[in-house]
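First comes the structure, then the notes that go with it.
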Number of protein chains: 2
Amino acid sequence: MSKPSQHQRKIKQNMKHRDNHSVCIKTALSRAEKRCAEDGQRFTGLRRQVLELVWAEHKPAKAYDLLATLSSIRSGVAPTTVYRALDFLQERGLVHKIESLNAYVGCSQPDTDHCGHFLICEACSEIKEIENSRVSSWLEQAAQDEDFIIKSETVELIGLCVRCQPLYGERATP
Amino acid sequence: MSKPSQHQRKIKQNMKHRDNHSVCIKTALSRAEKRCAEDGQRFTGLRRQVLELVWAEHKPAKAYDLLATLSSIRSGVAPTTVYRALDFLQERGLVHKIESLNAYVGCSQPDTDHCGHFLICEACSEIKEIENSRVSSWLEQAAQDEDFIIKSETVELIGLCVRCQPLYGERATP
DNA sequence: TTTGGGAAAGTAATATTATAACGATAAGCG
DNA sequence: CGCTTATCGTTATAATATTACTTTCCCAAA
């Protein structure tokens with residue numbers, strides 16, 4: 001309500017990003033390639049294909065959907081195939097699992113060592129990874145109050161993204 | 001490092017709590033009863049038993065483990081039985097699901113309307129729900145930066161609880 | 001160039017988690 | 001009491017994930 005022009009600007013940013021999504025994919029792939037090379041790991045055809053499929057949209061990809069798609073472009077694909085590739089990609093921080101959806105998304109900041117924090121739109125399913133170092137330090141603080149030492153974080157915020165708010169009047173999925 | 005005596009105090013608090021855990025359970029049950037009465041909902045024997053089992057420990061309870069235990073004290077128990085009861089309890093805020101574990105814990109603050117935030121010890125599996133209104137308002141802030149409206153939050157912090165830190169030297173599970 | 005070792009992928013089976021569909025029963029209400 | 005509806009029983013099946021074992025492929029050392 002407070003800053004409509006800024007709101008519009010963010011929507012445009014978002015649109016632009018969608019139009020150029022193929023750039024995202026390419027970037028993700030080349031970063032993955034680089035990352036694997038550095039680690040002395042093999043970025044095989046299978047792994048590349050799975051990562052490409054995960055990146056096909058900024059939406060959570062279900063393992064069995066990846067399996068189905070992958071089967072159509074490659075033979076001898078079983079659940080194991082997909083899960084192994086996903087495990088590999090997760091270990092290298094190239095993909096995150098969204099626990100509340102049992103689904104996977106490409107990591108948008110694979111260079112920084114981190115666990116992802118996500119905004120998940122319940123209307124359009126788009127996922128945005130928030131890069132917000134404040135969040136982690138805040139959570140650290142909260143944990144410290146209990147003398148708890150954090151090793152990894154699952155933070156998944158479900159709600160309405162900037163584009164879907166006008167459509168759903170700030171209420172839940174119709 | 002900084003406050004060893006306070007650390008000790010917290011450990012003692014924790015111990016004391018474990019010794020008196022039956023109190024937890026009773027409290028949880030009577031709160032549930034009250035809550036259901038207020039809502040005009042039936043707190044049936046089945047629902048009570050499931051809630052009791054979930055509260056048996058401060059550890060995540062798996063649906064199929066509940067199923068097995070429940071089967072031993074009641075006949076005609078199927079997966080549906082357990083999931084229905086869990087759904088009921090979740091809707092009323094009496095139980096939370098831990099997404100990263102596919103497991104369920106009793107809610108320690110069923111009176112306040114909230115989504116839970118959890119500290120999960122990877123060594124002993126104990127779960128502590130953090131009641132920390134700061135956390136939610138921090139996350140709101142982070143979401144606002146993206147003009148995102150939060151409807152619900154999944155926050156699960158994995159690490160070492162106060163009792164397990166000395167045992168595992170602040171490192172991951174052995 | 002060959003070959004041996006290890007990583008990756010193929011294959012089959014199975015475990016784990018969750019839901020759907022439909023009928024039977026029992027609790028509350030007029 | 002008889003009606004309505006929530007609850008529960010029952011069966012089947014869907015969706016997600018892992019284990020174990022075999023085969024293939026890559027790469028590097030001989």
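Below, chain A is the first sequence line, B the second, and so on; all start at residue 1.
Between D/dC26 and A/R42, no contact under 4.0 Å exists linking OP1 or OP2 to a side-chain N or O. For D/dA15, neither phosphate oxygen OP1 nor OP2 lies less than 4.0 angstrom from any side-chain nitrogen or oxygen of A/K62.
When rounded to the nearest whole Å, the span between CZ of A/R47 and C1' of C/dA9 equals 9 Å. Whole-Å rounding puts the B/R92 CZ to D/dT7 C1' distance at 12 Å. The separation between B/F88 atom CZ and D/dA6 atom C1' is 11 Å, rounded to whole Å. Atom CD of B/E91 and atom P of D/dA6 are 13 Å apart (whole Å). In this structure, CD of B/Q90 is placed 15 Å from P of C/dT17, rounded to the nearest angstrom. Nucleotide C/dA27 holds its P atom 14 Å from the CG atom of B/L46, rounded to whole Å. Taking atom CD1 of B/I98 as the reference point, atom P of C/dA18 lies 12 Å away to the nearest angstrom. One can place CZ of A/F43 at 13 Å from P of C/dA8, the figure rounded to the nearest angstrom.
Taking a cutoff of 4.0 Å between a charged side-chain nitrogen and a carboxylate oxygen, B/D87 and B/R47 do not qualify as a salt bridge.
No side-chain donor-acceptor contact under 3.5 Å links B/H117 to the backbone of B/S136. Remark: side-chain polar atoms of B/E126 are not paired, donor with acceptor, to backbone N or O of B/K59 under 3.5 angstrom. At distances below 3.5 Å, not a single donor-acceptor pair connects side-chain atoms of A/K151 with backbone N or O atoms of B/C121.
For the residue pair A/T154/A/E99, the side-chain donor-acceptor check at 3.5 Å is not satisfied.
For B/T81, the listed nucleotide lying nearest its side chain is D/dT10; candidates were C/dA9, C/dT17, D/dT10.
When each of B/Q41 and B/V77 is assigned the nucleotide of DNA chain D with its nearest heavy atom, B/Q41 is the one assigned upstream, toward the 5' end.
Relative to the six-membered ring of A/F88, A/R84 misses at least one condition, a distance below 6.0 Å or an angle of at most 45° to the axis.
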Atom pairs under 3.5 Å, N or O on each side, protein against nucleotides 17-23 of chain D: can you list them with distances?
{"from": "D/dA17", "atom 1": "OP1", "to": "A/K97", "atom 2": "NZ", "distance (Å)": "2.6"}
{"from": "D/dA17", "atom 1": "OP2", "to": "A/Y83", "atom 2": "OH", "distance (Å)": "2.9"}
{"from": "D/dA17", "atom 1": "OP2", "to": "A/Y104", "atom 2": "OH", "distance (Å)": "3.4"}
{"from": "D/dA17", "atom 1": "O5'", "to": "A/Y83", "atom 2": "OH", "distance (Å)": "3.4"}
{"from": "D/dA17", "atom 1": "N7", "to": "A/Y64", "atom 2": "OH", "distance (Å)": "2.7"}
{"from": "D/dA17", "atom 1": "N6", "to": "A/Y64", "atom 2": "OH", "distance (Å)": "3.3"}
{"from": "D/dT19", "atom 1": "O4", "to": "A/T80", "atom 2": "OG1", "distance (Å)": "3.2"}

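Rounding to the nearest 0.5 Å places CG of B/L70 at 6.0 Å from CG of B/L53.
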